[in-house]
Each structure stands twice: as C-alpha cells, then as structure tokens.
Amino acid sequence: MKEIILQIDASKSLPLGEVGGAVPLPHILFLSTALFFIGMYGLFTRRNMITMLMAVELILNSVNINFVAFNKFLYPGKLDGIFFTIFIITIAAAEAAVAIAIIINLYRSHNSIDVEGAEELKY
Amino acid sequence: MSAIQIIFWFLSALAIVSALMVLISKNPVHSVLWLIMVFFAISGHYILLNAQFLAIVNLIVYAGAIMVLFLFVIMLMNLNNESEPQKNVWMRLAGAVSGGCLLMILVSLVRQAIEINNKVAEMKVGDIGLIGNLGKALFKDYLVPFEISSVLFLSAMVGAIVIGKKN
C-alpha cells in the first residue's frame, strides 16, 4: 500500500508551527476523547434502542475527527485519513439502515424498543 | 488569540454541549435535533482541518439522511417523554465511573505523548481535501475498497428489506 502516498499538495502545505491561527493537536484529541466518552456513557445508560444507536453515531464521529486531525497534522500531503473517514461514514450509513430495520421489527413484535424487554435470546 | 482559534473553541464548546444535551434531553426528538447540532459543529471542524469535501459529505449523509431516518422512525413509533424507560441509578453510576476513568486515562496519555504535543498545523489553508484530489485518489488508489463498499451497501439494502418485511 505504499503507492497510496500522494504528492498532490505537499509543496503547498505550510511548515508546521509557524504562524498564529494555529491549533495544537492535543486540543483536537481532547475534543474527540470527550465526545467518545459522552457517547459511551450514553450507550451504557440509555435503554432506548434509538438513543443507543445515536450514541454509537456519536462515537463514530469522534473517531472520524481523530482520523482527519492526524491526517492534517502528521501527513498533510496525503489523503489516507480522509478516505478512512469516508469509508467509516459509508459503513455508518449501512449500519443505521440495518439497525433501524431491526428496531422496526422489534417494535412490531414487542410493541416497545426498550432493550430490557427483549431478552428471549438470553436464555 | 486569532480568529481561527476563536472559531475552534466555539465549535468545540458547541460540539460538547450539544453532545451532553443529546443524553440529557428526555424527548428523543430533541435528542436527534441536538445530535444534528453536533454534526454541524463537527463539519465546521472538518473545514478547519482542511477536509472540505468531507464536511459536505458529513452534512449530507449524517445530518441529511441518517438523522431524517431516525426522526422518521421516532415519529412512526410515537416516542415521547412518557415512553422513555426508567433508568437504573446503579447503571448510570457505573457508566459515569467507567467512562470517566477511561476518559482520564486517555487524556493523561495524550498529555504525555511528547511526539505529538508540539505539532501545530495551520488551519483552513491548502486544498488537499477538495473533491478533485479526492476523486483522483479514490478511483486510482482506493478503487478496490470503493467497489467493496458498494457491495456492502447492496448487502445492507437486501438485509434491511429482508429483516423489515412482514412475514
């Protein structure tokens, strides 16, 4: 996969850490970490299946921020992080479609989407 | 503090406050609307991080398609404050403790990572994230993952229809 390295914009990307208007990398990592654990707390505490799915989307987005930030800060001339993010968005869309089909089926059979009520597969 | 930094702090605060409101608000419709606010803030971050096409894709796919699907399902099931299940206090405490511990560990790890601590990049400059560059790379270097993702979409569509249809 070495051929992935692109040289489209490498000459135009600025040298690191020169001018004002710059944000250090740990700040963005703190933001994505905070979003990740807010999403994780939601996944732990909410029992509504749609809200749990929303927490999962929050977690996926925090990971996306990480990918884009590392791409920008460490390899400004390449596109790998951006493509990872695009494929994560793709998979998130497919996952949301299948999960919502499952939720509708659950609602049809149990008349609620509380995950505590769906425990037939447990035993 | 320059304008870019002010925008960065504003977007970060907006993202975190909206993400908290997603969990705090009892009504699922309000949760979805706050989540759309989170996605707008994250798209602003993408623009600052020089991924312009990704920002638009994030808005169209997440805020436009997935969230509308969520809203549609919530309104179809007629969820509201009353149908929100009662939360277990111990479960909330366990979630807060474990999430907080992991958050602390990750934050301290990031603070100790010396190699990345002095990395500073100029925001909002460069055109690497524009659609022309992305398209060239997508149809040359990432052709196989692109096709595989189309197969994934086909299988997800078939799976959603099979799961969702009536017996």
Side-chain angles (χ1 to χ4, degrees), chain A residues 3-4 6 8-9 12-14 16-17 19-26 29-31 33-35 37-38 40-42 44-45 47-48 50-51 54 57-58 61 65 68-69 72-74 76-77 79 82-83 85-87 89-90 93-94 96-98 100-105 107 113-114 116, chain B residues 2 4-5 8 12 15-16 19-20 22-23 28 31 35 38 42 45-46 49-51 54 57-58 61 66 69-70 73-74 77 84-85 87 91-92 95-96 99 102-103 106-107 110 116-117 119-123 125-129 133-134 137 141-142 145 149 152-153 156 159-160 163-164:
Chain A
E3 294 79 17
I4 287 167
L6 287 178
I8 297 169
D9 203 18
K12 268 189 271 179
S13 70
L14 290 182
L16 296 176
V19 218
V23 176
L25 178 57
L29 296 185
F30 288 151
L31 168 74
T33 313
L35 281 182
F37 287 108
I38 290 170
M40 216 174 85
Y41 174 77
F44 279 153
T45 54
R47 299 290 91 187
N48 188 340
I50 287 208
T51 323
M54 281 196 270
E57 304 287 342
L58 211 55
N61 266 283
I65 293 180
V68 177
K72 166 76 177 169
F73 281 84
L74 301 183
L79 284 172
I82 295 178
F83 275 114
T85 308
I86 287 178
F87 287 122
I89 290 177
T90 309
V98 174
I100 280 183
I102 292 174
I103 289 172
I104 288 178
N105 222 346
Y107 184 74
I113 55 168
D114 189 358
E116 304 281 349
Chain B
S2 66
I4 300 290
Q5 278 168 323
F8 174 79
S12 304
I16 289 179
L20 284 175
V22 170
L23 300 184
S31 276
L35 195 58
V38 177
I42 289 175
H45 276 295
Y46 287 160
L49 285 170
N50 197 0
L54 197 56
V57 164
N58 195 45
V61 174
I66 298 181
L69 196 63
F70 276 43
V73 172
I74 286 174
M77 295 175 181
E84 176 71 23
K87 280 174 282 189
M91 204 69 184
R92 297 177 69 170
L102 279 168
L103 175 68
L106 260 184
V107 165
V110 168
I116 61 170
N117 255 349
K119 291 279 186 198
V120 174
E122 185 73 2
M123 303 290 220
V125 288
D127 53 358
I128 188 75
N133 299 334
L134 280 174
D141 299 320
Y142 285 89
S149 71
L152 171 80
F153 262 121
I163 292 172

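A, B, ... follow the sequence lines: proteins, then strands. Residue 1 opens every chain. Since the structure is predicted, the reported quantities are computational estimates derived from the model, not experimental observations.
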Student: If you compare all heavy atoms of L31(A) against all heavy atoms of A15(B), which two are closest, and at what distance to 0.1 Å?
Tutor: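 Residues L31(A) and A15(B), closest heavy atoms: CD1-CB, 4.3 Å.
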Student: Less than 4.5 Å to any heavy atom of chain A: does that hold for the side chain of I16(B), its backbone, both, or neither?
Tutor: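 Looking at I16(B), backbone and side chain both touch chain A.
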Student: Could you check which of L58(A), I104(A), V68(A) has the highest count of heavy-atom pairs closer than 4.5 Å to chain B?
Tutor: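 The residue among L58(A), I104(A), V68(A) with the greatest pair count is V68(A).
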Student: Where does F153(B) contact chain A at under 4.5 Å (heavy atoms): side chain, backbone, both or neither?
Tutor: side chain
Student: What heavy-atom pair brings V98(A) and I163(B) nearest, and what distance separates the two atoms?
Tutor: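 The pair with the smallest heavy-atom distance is CG1-CD1, 4.2 Å.
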Student: Looking at every non-hydrogen atom in both residues, tell me the closest pair between F87(A) and P145(B) and how far apart they are.
Tutor: CZ-CB, 3.6 Å
Student: Heavy-atom cut-off 4.5 Å, strictly under: side chain, backbone, both or neither for F37(A) against chain B?
Tutor: side chain
Student: Output, in order, the C-alpha distance, side-chain angles, deciding distance and verdict of side-chain contact (heavy atoms from CB on, under 4.5 Å) for V107(B) and L29(A).
Tutor: CA-CA 8 Å; V107(B) 165; L29(A) 296 185; over 6 Å; no
Student: For A93(A) versus V61(B), what's the shortest heavy-atom pair and its separation?
Tutor: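 Reported closest heavy-atom pair: CB-CG1, 4.3 Å.
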Student: Using every non-hydrogen atom in the two residues, find where L35(A) and A19(B) come nearest and quote the distance to one decimal.
Tutor: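 Answer, listing the atom of L35(A) first, then A19(B): CD2-CB, 3.6 Å.
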Student: Compare every heavy atom of A160(B) with every heavy atom of A101(A), then report the nearest pair and how far apart it is.
Tutor: CB-O, 3.5 Å
Student: For a side-chain contact (heavy atoms from CB on, under 4.5 Å) check, start with the C-alpha distance between V38(B) and N61(A), then their side-chain angles and the critical distance, and finish with the verdict.
Tutor: CA-CA 9 Å; V38(B) 177; N61(A) 266 283; 5.9 Å; no
Student: Only pairs of heavy atoms separated by less than 4.5 Å count here; which of I100(A), I102(A), I113(A), I103(A) has the most with chain B?
Tutor: I100(A)
Student: Could you go through the side-chain contact (heavy atoms from CB on, under 4.5 Å) check for F83(A) and L134(B) one step at a time?
Tutor: CA-CA 8 Å; F83(A) 275 114; L134(B) 280 174; 3.8 Å; yes
Student: At a 4.5 Å cut-off on heavy atoms, which part of M40(A) comes close to chain B: side chain, backbone, both, or neither?
Tutor: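 For M40(A), side-chain heavy atoms alone lie under 4.5 Å from chain B.
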Student: The test is side-chain contact (heavy atoms from CB on, under 4.5 Å); show your working for Y46(B) and T85(A) and say whether it passes.
Tutor: CA-CA 11 Å; Y46(B) 287 160; T85(A) 308; 4.0 Å; yes
Student: Less than 4.5 Å to any heavy atom of chain B: does that hold for the side chain of I50(A), its backbone, both, or neither?
Tutor: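 Contact with chain B is through both the backbone and side chain of I50(A).
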Student: Quick one: are F73(A) and L49(B) in side-chain contact, heavy atoms under 4.5 Å?
Tutor: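 Touching, per the 4.5 Å side-chain cut-off.
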Student: Of the backbone (N, CA, C, O) and the side chain (C-beta and beyond), which part of L102(B) lies under 4.5 Å from a heavy atom of chain A, both, or neither?
Tutor: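 It is both, since atoms from each part get that close.
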